Amino acid sequence: QVQLVESGGGLVQAGGSLRLSCTASGRTFSSYMMGWFRQAPGKEREFVAAISWVSSSTRYADSVKGRFSISRDNAKNTMYLQMNSLKAEDTAVYYCAAAIRGSLFNGIRGYDYWGQGTQVTVSS
């Protein structure tokens, strides 16, 4: 079992920045694919970014490319999402997730463990 806990959400003005963290506990984390997803009110959960724990390869949704950066610290079992130039449309609950197998192109169903989510609100 893997437990995931997100932190770092909050209220920020448009154009501002936030850094989300996802700390994992439980099983060894080194071989897991990790991802960030988000869900806005009335919308489906959508992919934001993913990172391979071993190789550090990354993938981003087109909507955040160039503004968001995903990274991880293996020693701390923690993944980060640096969010810059935030827009009102980035407002959502952000979830981190871990996948036992698959690739950077895993969809929602390809992830096995989920955090409880952290709210990000961007005021315009």
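None of these values were measured; they are calculated from a predicted model. Values below: every heavy atom of this structure, side chains too, minus hydrogens, waters and symmetry copies.
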Peer 1: Relative to each other, are the rings of Phe47 and Phe37 parallel, tilted or perpendicular (30° and 60° limits)?
Peer 2: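 Taking Phe37 first and then Phe47, their aromatic rings stand perpendicular (interplane angle over 60°).
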Peer 1: Given 3.5 Å as the limit, does a donor-acceptor pair link the side chain of Thr91 with the main chain of Thr121, or not?
Peer 2: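 Checking the backbone N and O of Thr121 against the side chain of Thr91, no donor-acceptor pair under 3.5 Å is found.
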Peer 1: Tell me whether Tyr94 is reachable from Val5 by hopping between hydrophobic residues (I, L, V, M, F, W, Y) whose side-chain heavy atoms are closer than 4.5 Å.
Peer 2: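 Val5 and Tyr94: separate clusters.
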Peer 1: For Gln82, enumerate each residue passing the side-chain contact (heavy atoms from CB on, under 4.5 Å) test, keeping only those at least two apart in sequence or located in another chain.
Peer 2: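 Gln82: side-chain contact (heavy atoms from CB on, under 4.5 Å) contacts with Ser17, Arg19, Ser69, Asn84.
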Peer 1: Check whether Glu6 reaches the backbone of Gln116 with its side chain - one donor and one acceptor, N or O, closer than 3.5 Å.
Peer 2: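 The answer is yes, because a donor-acceptor pair under 3.5 Å joins these two groups.
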Peer 1: Against Val122, only a single residue in Val12, Leu18, Leu11 fulfils side-chain contact (heavy atoms from CB on, under 4.5 Å); can you say which?
Peer 2: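 When side-chain contact (heavy atoms from CB on, under 4.5 Å) is applied between Val122 and each of Val12, Leu18, Leu11, only Val12 qualifies.
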Peer 1: Kindly determine whether Val48 and Tyr60 satisfy side-chain contact (heavy atoms from CB on, under 4.5 Å), including the steps that lead there.
Peer 2: CA-CA 6 Å; Val48 175; Tyr60 296 92; over 6 Å; no
Peer 1: Identify the two heavy atoms, one from Ala40 and one from Ala92, that lie closest to each other, and give their separation to 0.1 Å.
Peer 2: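 Ala40 and Ala92 have their closest heavy atoms at N-CB, 3.8 Å.
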Peer 1: Is NZ or CZ of Arg38 both nearer than 6.0 Å to the six-membered ring centre of Tyr95 and within 45° of the ring axis?
Peer 2: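 The answer is no, since Arg38 fails at least one limit relative to Tyr95.
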Peer 1: For the CE atom of Met34 and the CG atom of Leu81, what is their distance to the nearest 0.5 Å?
Peer 2: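 Between atom CE of Met34 and atom CG of Leu81 there are 11.5 Å.
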Peer 1: Between Asp62 and Lys65, does any NZ, NE, NH1 or NH2 come within less than 4.0 Å of an OD or OE carboxylate oxygen?
Peer 2: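 Asp62 and Lys65: salt-bridged.
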Peer 1: Within the distance-only criterion (no hydrogens, no angle test), does the side chain of Ser63 pair as donor or acceptor with the backbone N or O of Ala61 below 3.5 angstrom?
Peer 2: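 Flag not set: sc Ser63 to bb Ala61 has no pair under 3.5 Å.
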Peer 1: Would you say Arg67's side chain and Ser85's backbone share a donor-acceptor pair under 3.5 angstrom?
Peer 2: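 Indeed, once roles are kept as given, a pair shorter than 3.5 Å links the two residues.
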Peer 1: Taking the side chain from Tyr111 and the backbone from Met33, do they hold a donor-acceptor pair closer than 3.5 Å?
Peer 2: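 Judged by distance alone, no pair lies under 3.5 Å.
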Peer 1: Taking all atoms of both residues into account, what is the closest heavy-atom pair of Lys43 and Gln39, and its distance?
Peer 2: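 Closest approach of Lys43 to Gln39, heavy atoms only: O-NE2, 3.1 Å.
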Peer 1: Name the one of Asp73, Thr78, Thr118 that satisfies side-chain contact (heavy atoms from CB on, under 4.5 Å) with Ser21?
Peer 2: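 Checked Asp73, Thr78, Thr118 against Ser21; only one passes side-chain contact (heavy atoms from CB on, under 4.5 Å): Thr78.
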Peer 1: Check whether Tyr80 and Leu20 end up in the same hydrophobic cluster, where Ile, Leu, Val, Met, Phe, Trp and Tyr are linked by side-chain heavy atoms less than 4.5 Å apart.
Peer 2: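 No: no chain of side-chain contacts under 4.5 Å links Tyr80 to Leu20.
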Peer 1: On the ring face of Tyr32, is Arg72 found with NZ or CZ under 6.0 Å from the centre and within 45° of the axis?
Peer 2: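 Here Arg72 fails the 6.0 Å and 45° test against Tyr32.
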Peer 1: Drop me the distance from Trp36's CH2 to Cys22's SG, to the nearest 0.5 angstrom.
Peer 2: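 If we round to the nearest 0.5 Å, Trp36:CH2 and Cys22:SG are 5.0 Å apart.
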Peer 1: So, taking the atom named CG in Leu104 and the one named OG1 in Thr58, what distance separates them when rounded to the nearest 0.5 Å?
Peer 2: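 Between Leu104 CG and Thr58 OG1, I get 7.5 Å after rounding to 0.5 Å.
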Peer 1: Begin with the C-alpha distance, continue with both residues' side-chain angles, and end with the deciding distance and a verdict on side-chain contact (heavy atoms from CB on, under 4.5 Å) for Asp90 and Val120.
Peer 2: CA-CA 8 Å; Asp90 294 318; Val120 171; 5.5 Å; no
Peer 1: Kindly compute the distance separating NZ (Lys87) from OG (Ser124), expressed to the nearest 0.5 Å.
Peer 2: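 Result: 13.0 Å between the selected atoms.
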Peer 1: Roughly how far, to the nearest 0.5 Å, is the CD1 atom of Ile51 from the CE atom of Met79?
Peer 2: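 Between atom CE of Met79 and atom CD1 of Ile51 there are 8.0 Å.
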Peer 1: Thinking salt bridges, do Asp112 and Arg101 make one under a 4.0 Å N-O criterion?
Peer 2: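 Looking at Asp112 and Arg101, the cut-off is not met.
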Peer 1: Please walk me through it: do Val2 and Trp114 pass side-chain contact (heavy atoms from CB on, under 4.5 Å)?
Peer 2: CA-CA 9 Å; Val2 173; Trp114 293 83; over 6 Å; no
